[in-house]
Number of protein chains: 4
Amino acid sequence: MSQLLENKITQTISPNTVPLKRRRNERSHQAILTAAVELLQEKGYREICIEAIASRAGVGKQTIYRWWSSKAAVIMEAYSARAIQNIPTPDTGSVKQDLCQILSQLFAVLTTTTTGEAIAGLIAELQMDASLASSFRKQFIECRTEATRTILERGIARGELRPDSNLELVIDTIYGPIWYRLLLKHGTLDDPFAEELVNFIILGIQA
Amino acid sequence: MSQLLENKITQTISPNTVPLKRRRNERSHQAILTAAVELLQEKGYREICIEAIASRAGVGKQTIYRWWSSKAAVIMEAYSARAIQNIPTPDTGSVKQDLCQILSQLFAVLTTTTTGEAIAGLIAELQMDASLASSFRKQFIECRTEATRTILERGIARGELRPDSNLELVIDTIYGPIWYRLLLKHGTLDDPFAEELVNFIILGIQA
Amino acid sequence: MSQLLENKITQTISPNTVPLKRRRNERSHQAILTAAVELLQEKGYREICIEAIASRAGVGKQTIYRWWSSKAAVIMEAYSARAIQNIPTPDTGSVKQDLCQILSQLFAVLTTTTTGEAIAGLIAELQMDASLASSFRKQFIECRTEATRTILERGIARGELRPDSNLELVIDTIYGPIWYRLLLKHGTLDDPFAEELVNFIILGIQA
Amino acid sequence: MSQLLENKITQTISPNTVPLKRRRNERSHQAILTAAVELLQEKGYREICIEAIASRAGVGKQTIYRWWSSKAAVIMEAYSARAIQNIPTPDTGSVKQDLCQILSQLFAVLTTTTTGEAIAGLIAELQMDASLASSFRKQFIECRTEATRTILERGIARGELRPDSNLELVIDTIYGPIWYRLLLKHGTLDDPFAEELVNFIILGIQA
DNA sequence: CACTAAGCGAGACGGTACGTCACGTCTTAGG
DNA sequence: CCTAAGACGTGACGTACCGTCTCGCTTAGTG
């Protein structure tokens with residue numbers, strides 16, 4: 001009886017995912033994503049296997065293979081569905097403060113144990129799967145890139161920043177060191193680092 | 001025939017790898033490293049398995065497990081033995097030119113197809129193996145860090161650069177964007193990028 | 001266009017199969033049987049699966065499950081619909097010649113490659129399904145048993161054969177060796193064998 | 001400590017099976033055969049799967065695939081190792097009594113529930129695997145054929161039977177009806193049947 | 001004659017088993 | 001005692017079919 005309702009809800013929750021001819025079972029879909037996230041937290045990226053996801057989700061393996069191309073694809077959807085990032089774009093009036101705030105929030109996520117590990121696993125896999133790479137960028141990178149660009153452009157508009165900066169480069173110079181430290185673990189990801197980094201970058205772009 | 005020579009060279013190149021009391025068969029040792037490199041080039045990091053290395057090297061699996069802790073450890077030794085990095089430390093008199101030169105050389109290595117992929121695989125694995133992480137940093141990161149620090153310190157000594165810069169941070173800001181682009185493939189790693197990057201960094205540290 | 005005709009023929013050939021109140025699609029019915037026979041010839045009994053029959057027939061799996069209890073049931077109907085056996089009962093005046101003739105015709109069918117294999121597959125399956133066993137006997141065995149019994153009884157009536165023979169036993173002694181050789185392949189099924197066999201049997205029952 | 005002993009015993013038990021280079025683990029070998037027989041008795045031929053045999057035997061699936069080509073091959077070895085047939089060749093002085101005795105013993109085995117079913121399964125599979133067929137004949141058929149031929153030849157030697165009979169044919173006429181009834185279940189396999197059958201056959205071959 | 005329940009094609013679903021791969025350990029024979 | 005070889009128990013892979021279960025659509029018999 002609750003079936004119509006179930007489908008309706010699903011449609012509402014993720015209306016974008018489907019050509020809609022597939023008649024996909026949304027209960028299974030969600031169960032798989034949930035199971036993936038749980039296992040990620042319990043065992044870490046490398047220990048997860050599709051069989052475990054399937055059995056935890058109460059789902060046949062085929063149902064996973066039908067809709068995703070790999071473990072990494074499942075986990076990416078799981079993460080992005082759970083929306084690690086609905087990046088707020090702070091607007092304090094100071095580029096420095098805006099950036100520190102956005103980085104501070106990012107560090108909070110990344111230093112959660114399993115997240116860093118999961119990101120590293122995804123990154124490794126994305127080396128070999130171009131379509132995975134592109135969705136990773138879309139879901140994990142671009143949102144921040146855009147938020148950061150907005151902050152910088154507001155800074156330029158306010159006359160706080162030089163208008164001729166190469167924003168692509170600036171943004172890479174902000175996030176590069178962060179991912180670098182996340183993966184290589186040769187330095188901390190904490191608020192002092194955020195501030196130092198932002199200060200240094202601003203040296204190069206301030207008006 | 002050339003075996004004595006071969007052994008000598010090997011010992012010299014990586015004298016640190018072996019406790020040296022156990023009577024290790026150097027022919028096997030080399031065969032394993034060679035096989036690993038070949039397979040890396042033919043199939044890529046993810047496709048390699050220890051059984052393949054063993055069989056290609058004409059070696060028992062046990063011989064690999066006896067001397068290395070994991071696939072990643074073999075591959076790291078294979079790469080470092082083949083010395084990706086004997087980093088020269090250029091000294092042109094200009095920090096900018098020195099840095100551009102060192103980065104240019106790095107890009108040449110990294111854009112070799114299999115190398116980038118292998119690095120990504122190693123990075124993924126070192127998330128889960130602290131000792132691996134530490135040798136990776138030693139062999140792939142520190143040599144460049146040191147070369148770069150030397151260049152920067154020479155710049156400071158010459159009065160070209162501000163003496164109060166946080167060099168750790170500066171170096172992360174140079175290499176961070178590079179590894180970031182290597183792994184995420186959202187931007188190129190070429191000489192114009194090197195120059196732009198170096199220019200931007202120098203803005204923040206010049207005297 | 002030829003559909004009405006097609007339906008009529010079908011109805012006539014196997015009028016017994018359907019409760020007839022349910023509105024069964026005769027086109028599908030025939031397509032399934034045809035697909036089954038084709039697959040049987042192309043791939044052999046063991047390689048056939050219901051999904052393949054359904055897809056070859058352009059039919060939903062459910063349609064097969066609705067009307068048959070198992071793969072074996074489909075195949076039995078397919079075979080019997082195609083009427084391997086409309087056994088003629090020869091009457092040459094000589095028991096020996098009658099029997100030789102009937103066996104000769106049987107051998108012709110059995111030595112068709114796929115038929116023997118199909119029979120063996122059915123036999124294996126009917127070990128586990130009593131109702132299947134009973135229809136197999138009805139469709140593949142009894143027709144011959146009866147024809148043979150008729151021949152033997154005519155021989156008795158003519159005084160050619162002893163009247164006190166156990167005809168059940170005699171018939172088993174005729175057909176047993178045939179199925180035995182079909183399944184075990186340790187001897188041929190050809191006309192000389194038919195004659196030898198008939199001769200030998202007759203030794204035990206002639207007047 | 002008991003390992004040498006274990007190997008020795010094994011060698012003694014089945015010295016014929018191996019080119020002897022394989023260094024096969026005899027404990028596993030036996031465990032697999034035992035598990036197969038147990039499962040056969042508990043669940044029947046069709047319900048058995050290789051995974052179940054492996055897990056019951058405490059053995060990896062690969063170990064089964066390494067040494068046998070199929071489920072049927074395992075089961076055949078299991079059965080023949082357990083020697084369904086060390087056919088004694090009775091010698092009572094009367095062909096009729098000898099044959100009745102040998103058949104009576106055979107019926108006892110065949111009417112054991114699982115055995116008949118297993119035989120039927122093997123027979124079905126042997127339609128598609130010539131090498132399996134040949135070992136089936138060797139292990140299940142020839143031993144009886146030979147015993148029976150011996151009995152018949154003794155009868156001929158004693159002058160009890162006609163010397164010009166086609167013994168192949170006679171033997172098929174004895175065993176054919178038996179396998180036929182085993183598989184088709186249209187008649188009993190009991191001592192009265194044995195006697196009737198033997199009596200009928202003898203009619204055709206007595207001196 | 002339209003309505004409506006059925007049968008239909010399609011194919012997703014939870015499962016089981018397949019046969020293969022590679023893991024890391026263990027055993028054997030030979031140098 | 002190290003080695004090449006490779007069997008072993010383990011566990012995951014990705015695939016094939018199973019038999020069941022919706023989904024809309026088509027269609028045939030009844031009301």
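A, B, ... follow the sequence lines: proteins, then strands. Residue 1 opens every chain.
When atom types are taken as modelled, the side chain of B:Gln127 and the backbone of A:Glu117 share no donor-acceptor pair closer than 3.5 angstrom.
Looking only at side-chain heavy atoms (C-beta outward), D:Trp67 and D:Ile32 stay at 4.5 Å or farther from each other. A 4.5 Å side-chain heavy-atom check between D:Arg56 and D:Glu42 finds at least one atom pair inside the cut-off.
By the salt bridge (charged side-chain N to carboxylate O under 4.0 Å, His left out) test, A:Arg66 is found to be paired with no residue, residues two or more places apart in sequence or in another chain being considered. By the salt bridge (charged side-chain N to carboxylate O under 4.0 Å, His left out) test, B:Glu51 is found to be paired with B:Lys61, residues two or more places apart in sequence or in another chain being considered.
Positionally, the nearest nucleotide of DNA chain E for D:Lys71 lies more toward the 5' end than for the other of B:Ser69 and D:Lys71.
The interatomic distance linking A:Ile64 (CD1) with E:dA12 (P) rounds to 15 Å, in whole Å. Across the protein-nucleic acid pair, D:Ile53 atom CD1 and E:dA17 atom P stand 12 Å apart, rounded to whole Å. For the pair D:Glu125 CD and E:dC18 P, the computed distance is 11 Å after rounding to whole Å. If you take CG of B:Leu39 and P of E:dA22, they are 11 Å apart, rounded to a whole angstrom. Nucleotide F:dA5 holds its P atom 12 Å from the CD1 atom of B:Ile32, rounded to whole Å. As a whole-Å value, the separation of D:Arg27 CZ from E:dC26 C1' is 14 Å. At whole-Å resolution of the value, OH in D:Tyr65 and P in E:dA17 are 12 Å apart.
Nearest heavy atoms, C:Lys71 versus C:Ile48: NZ-O, 3.3 Å.
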Table of protein N/O atoms under 3.5 Å from nucleotides 8-12 of chain F N/O atoms:
{"unit_1": "F:dC8", "atom_1": "OP1", "unit_2": "D:Asn25", "atom_2": "N", "d": "3.0"}
{"unit_1": "F:dC8", "atom_1": "OP2", "unit_2": "D:Arg66", "atom_2": "NE", "d": "3.0"}
{"unit_1": "F:dC8", "atom_1": "OP2", "unit_2": "D:Trp67", "atom_2": "NE1", "d": "2.6"}
{"unit_1": "F:dG9", "atom_1": "OP1", "unit_2": "D:Ser28", "atom_2": "OG", "d": "2.9"}
{"unit_1": "F:dG9", "atom_1": "OP2", "unit_2": "D:Gly60", "atom_2": "N", "d": "3.2"}
{"unit_1": "F:dG9", "atom_1": "OP2", "unit_2": "D:Thr63", "atom_2": "OG1", "d": "2.8"}

